[in-house]
Protein chains: 2
Amino acid sequence: MAKFNFNLDTLPPSEIREEICSLTITQNVLQGRWKPLLIWYISLQPQRFGELTRLLPGISKGILAKQLKELEDDGLIQKEIFDELPFKVEYTLTDLGEQLLPVIAVMQDWGKKYIDSRQK
Amino acid sequence: MAKFNFNLDTLPPSEIREEICSLTITQNVLQGRWKPLLIWYISLQPQRFGELTRLLPGISKGILAKQLKELEDDGLIQKEIFDELPFKVEYTLTDLGEQLLPVIAVMQDWGKKYIDSRQK
DNA sequence: CCGCATCCGGAGTGATACTG
DNA sequence: CAGTATCACTCCGGATGCGG
């Protein structure tokens, strides 16, 4: 679970503590090589398992299943299972997941600035 | 270096590609257990090496030096060396590092939402 | 005081084969 | 089609000791 990096000897003021805590939580939830991309792709449209393996070349089924499960456990995505054959499952964002989109957007904005700054 | 997760067989449109690229870059730059916290602390005021070891209990000197160096190499922070004895070094954010603060802020906002949603 | 070098353990990631 | 299980491997993070 999350480690909050507090110093128990010289505990910082609660205001600071809350900032540390909030930041660390978000960092932990997004920790995983494919998670930001997964959230972004799912935000574009509901995605199926197989489709995600096609969108994310190089990802293995094992790690895809694991990271999807972690995102689900953290309440960012939900899956809908259609009772058909062959099986069909769709992943969509929860409300909490939707609220994460501004974070993704700001990260993308900064990435572009970074690229610009490196091209000089 | 950064891996951009493109599928070379079915290359996505350049617009999509840029979003993937930007997002992945930011993710890579912030990858490291202490980096977001380091940037945040340094943004509050210029920080010295020893002060950071106090602010981040549990971090070892080795990993602190390493993550600071990576942040410096990525152009997010700069260090000023004072020619005194004992040695004194101060870390400050670069312009590029300052531009990262909105990302940190949005992450903190979302962390608070996450905490609220879990307390119900 | 600051930071590097080395070594080490464990987590995160990935390839493959197999199941419902 | 949508996963699970296993194994192997890399790399990050941490401890320690040395050097400027």
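Residue numbers begin at 1 in each chain, while the letters A, B, ... track the order of the sequences.
- Of the side-chain N and O atoms in Trp34(B), one or more sit less than 4.0 angstrom from OP1 or OP2 of dG14(D).
- Taking Asp83(A) as the reference, nothing meets the side chain to side chain donor-acceptor pair (under 3.5 Å) condition, with sequence neighbours excluded.
- Taking atom CG of residue Asn28(B) and atom P of nucleotide dT13(C), one finds them 12 Å apart after rounding to whole Å.
- Here side chain to side chain donor-acceptor pair (under 3.5 Å) pairs that include residues 94-109 of chain B, with residues two or more places apart or in two chains, are Glu19(A)-Gln108(B).
- For Glu51(B), the salt bridge (Lys or Arg N to Asp or Glu O under 4.0 Å) partners are Arg54(B), not counting sequence neighbours.
- Between Gln31(B) atom CD and dT10(D) atom P there is a gap of 18 Å when expressed in whole angstrom units.
- Between Gln67(B) and Arg33(B), the closest heavy-atom pair is NE2-N, 3.7 Å.
- With Leu76(B) as reference, Leu100(B) is the one residue of Leu100(B), Ile42(B), Leu38(B) to meet the side chain to side chain contact (heavy atoms under 4.5 Å, CB included) rule.
- Checked against side chain to side chain donor-acceptor pair (under 3.5 Å), Asp116(B) has no partners two or more places apart in sequence or in another chain.
- Between Gln27(B) atom CD and dT13(C) atom C1' the separation is 13 Å, expressed in whole Å.
- Atom pair Ile77(B):CD1 and dC2(C):P shows a separation of 14 Å (rounding to whole Å applied).
- In the set dC1(D), dG14(C), dG14(D), the nucleotide with an atom closest to the side chain of Arg48(A) is dC1(D).
- Rounded to an integer number of Å, the gap from CG of Leu64(B) to C1' of dG14(D) is 12 Å.
- What separates CG of Leu55(A) from P of dA2(D) is a distance of 13 Å, to the nearest Å.
- Backbone-only engagement by Tyr91(A) is indicated by non-hydrogen atom pairs under 4.0 Å involving sugar-phosphate atoms exclusively.
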Detail all sub-3.5 Å separations between protein N/O atoms and N/O atoms belonging to nucleotides 8-11 of chain C.
none

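- The overall bend of the helix from dC1(C)-dG20(D) to dG20(C)-dC1(D), read as the angle between its terminal helix axes built from five base pairs each, is 40° when rounded to 10 degrees.
- Residues passing the side chain to side chain donor-acceptor pair (under 3.5 Å) test with Glu70(A), sequence neighbours excluded: Lys35(A).
- In this structure Lys69(B) satisfies the salt bridge (Lys or Arg N to Asp or Glu O under 4.0 Å) test together with Asp73(B), sequence neighbours excluded.
- For the pair Lys66(A) and Glu51(B), both in contact range of DNA chain C, the more 5′-proximal nearest nucleotide belongs to Glu51(B).
- Gln67(A) comes within 4.0 angstrom of sugar-phosphate atoms only, judged by non-hydrogen atoms across all strands, and of no base.
- A search for side chain to side chain donor-acceptor pair (under 3.5 Å) contacts involving Lys88(A) returns nothing, not counting sequence neighbours.
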Where protein sits on nucleotides 15-20 of chain C, one letter per nucleotide: B base, S sugar-phosphate only, - none, heavy atoms under 4.0 Å: B-BB-B
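- Taking atom CD1 on Ile81(B) and atom C1' on dG3(C), their separation rounds to 10 Å, with Å as the unit.
- For the pair Arg33(B) CZ and dG12(C) C1', the computed distance is 15 Å after rounding to whole Å.
- For Tyr114(A), the ring-ring contact (aromatic ring centres under 6.0 Å, His included) partners two or more places apart in sequence, or in a different chain, are Trp110(A).
- Note on residues 59-93 of chain B: no pairs pass ring pair (Phe, Tyr, Trp, His ring centres under 6.0 Å), not counting sequence neighbours.
- Nucleic acid contact for Lys79(A): sugar-phosphate only, since backbone atoms but no base atoms lie under 4.0 Å from a heavy atom of the residue.
- Without hydrogens or angle criteria, Gln47(B) side chain to Thr92(B) main chain gives no donor-acceptor distance under 3.5 Å.
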